[in-house]
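For reference, the structure discussed in these notes is given below.
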Number of protein chains: 2
Amino acid sequence: MGTRESTRTRLLDATDELLLASGDPATPVDRILERAGVSPATLYRAYPSKEALVAAALDRRHAEWQAVWDDAVARAGSERDRLLAVFDALEHFRARATGARWCAFLGTAAAYADPPPVLATAVAQESESLHTRLRTLAEPVAGDRADELAEAVALVFTGALGMRLRPGRAVATADARAVAAVLVDAAAAWDSAAARGTGALGDVPA
Amino acid sequence: MGTRESTRTRLLDATDELLLASGDPATPVDRILERAGVSPATLYRAYPSKEALVAAALDRRHAEWQAVWDDAVARAGSERDRLLAVFDALEHFRARATGARWCAFLGTAAAYADPPPVLATAVAQESESLHTRLRTLAEPVAGDRADELAEAVALVFTGALGMRLRPGRAVATADARAVAAVLVDAAAAWDSAAARGTGALGDVPA
DNA sequence: GTCTATAGTGTGATAGAC
DNA sequence: GTCTATCACACTATAGAC
């Protein structure tokens with residue numbers, strides 16, 4: 001399929017570094033081509049459009065993220081820690097060479113009021129897998145209220161990413177994890193209270 | 001300084017609707033000019049650049065947001081509710097004619113890896129005032145740990161905005177408020193425990 | 001034959017002259 | 001308010017190098 005270092009790989013690397021990690025949605029193709037050491041013709045034989053290239057880079061990034069997250073879950077020693085492992089994974093993921101300015105997927109979603117289908121799909125897949133996995137990990141902790149807890153953890157997780165856009169107000173991953181831990185423990189209390197058939201502190205207002 | 005409906009106002013209105021609310025950072029000037037019924041020359045006599053116009057629109061939006069937030073705080077009946085009023089304000093603010101796709105300020109921050117100074121300033125002002133106000137409102141509830149609680153509320157608030165970028169996963173403002181309420185109550189427990197001179201449940205890890 | 005280099009096209013934008 | 005200079009971008013087409 002290619003030379004020694006596939007041109008596709010070089011294109012994906014350049015896109016990952018220049019566009020996704022830097023979080024500059026206006027990165028022109030020329031800079032990607034230059035960095036990849038690839039000519040325009042080669043790009044457009046490999047991918048039908050710039051957006052398709054970006055989508056492919058997002059897909060690859062997603063797979064890497066899943067792997068990092070899996071490892072973090074595997075290292076965790078309790079059900080509570082397995083649910084919170086998403087924050088440990090984030091710390092590892094961010095520490096890589098191509099850690100993103102805030103989030104490659106949300107950044108792509110933010111760039112388009114009406115995203116091209118190929119990008120909408122890439123973004124939606126990450127959001128879906130985030131929810132599905134959190135939902136699964138929340139179940140042993142929160143039982144019937146796993147959906148609620150998964151949403152709360154996703155909220156804090158997404159908040160930690162978004163806070164990086166606020167100058168001087170980025171939140172340490174450990175702090176976000178601690179905030180989520182309070183929610184996890186509260187939910188665990190609801191759940192065991194429910195198991196005992198009583199209501200508990202957090203029977204939310206409206 | 002203008003005709004009957006100042007051209008500046010019409011430009012700001014158009015920018016607010018077309019660029020900030022729709023959350024499309026690539027909105028061209030032409031569409032703004034067309035909507036405002038204003039000629040290019042007029043724009044560039046009023047503002048030195050497109051970015052300066054956007055910054056002015058952000059500043060105006062910020063002032064409106066502050067007013068809505070002030071009202072919500074004034075309507076609240078307890079210190080706890082005054083801190084959580086930021087979510088009531090968000091609900092009101094979003095319900096206006098020009099409610100944003102997710103957030104006009106974070107959207108601007110996301111659009112540029114290295115924002116033009118005039119925009120960086122507009123964005124930073126909103127983030128600063130968010131923190132300062134939350135910090136002040138958190139003090140009666142959390143005492144010494146007001147900073148921590150303010151950061152946690154900002155985290156959930158920003159998370160609620162960011163979740164709107166996840167297709168099908170937007171979080172109801174009321175749900176985000178309920179999540180924040182759990183954190184507020186936990187912090188209040190820490191604070192009163194501290195007042196009694198004991199440690200409490202949430203003595204966070206690292 | 002896959003790739004590079006380069007030149008070129010169409011489009012649409014910012015900015016400013018008239 | 002019209003009109004235009006300049007530019008940058010996505011993408012294509014051609015011709016040759018390894």
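Any value given below was found using the heavy atoms of this structure, including those in side chains, with hydrogens, waters and symmetry copies removed. In the text below, chain A, chain B and the rest are named by the order of the sequence lines, each starting its count at 1. These figures come from a predicted structure and were not determined experimentally.
Salt-bridge formation is not detected for the pair B:Arg177/B:Glu91: no Lys NZ or Arg NE/NH1/NH2 atom is positioned less than 4.0 Å from an Asp or Glu carboxylate oxygen. Taking 4.0 Å as the cut-off between side-chain N and carboxylate O, A:Arg101 and B:Asp114 do not count as a salt-bridged pair. Ion pairing between a basic and an acidic side chain is recognised when a charged N comes within 4.0 Å of a carboxylate O; B:Glu151 and B:Arg135 show no such pairing.
One interatomic measurement links the two molecules: NZ of B:Lys50 to C1' of C:dG16, which rounds to 17 Å at whole-angstrom precision. Going from atom CG of B:Leu53 over to atom P of C:dG16 covers 15 Å, rounded to whole Å. The CG atom of B:Asp30 sits 14 Å away from the C1' atom of C:dG16 (whole-angstrom rounding). The separation between B:Leu19 atom CG and C:dT14 atom P is 10 Å, rounded to whole Å. Protein atom CG of A:Asp24 is 15 Å distant from nucleotide atom P of D:dA8, rounded to whole Å. A:Leu18 places its CG atom 13 Å from the P atom of D:dC9, with the value rounded to the nearest Å. For the pair B:Arg31 CZ and C:dA13 C1', the interatomic distance rounds to 11 Å; values are reported in whole Å.
Each of D:dC9, C:dA13, D:dC11 was ranked by its minimum atom distance to the side chain of B:Pro28; first place goes to C:dA13. Of the candidate nucleotides C:dA15, D:dC11, C:dT14, C:dA15 has the atom lying nearest to any side-chain atom of B:Ser49.
Between B:Trp102 and A:Trp102, the ring planes lie parallel to each other; the angle is under 30°, not in the 30° to 60° tilted range.
At a cut-off of 3.5 Å, with distance as the only test, a side-chain donor of B:Arg166 or A:Thr158 sits close to an acceptor on the other residue.
Here the rule is salt bridge (Lys or Arg N to Asp or Glu O under 4.0 Å) with A:Glu17, and of A:Arg10, A:Arg35, A:Arg31 only A:Arg35 fits it.
DNA chain D is contacted by A:Pro40, A:Tyr44 of residues 32-48 of chain A, taking any non-hydrogen atom closer than 4.0 Å.
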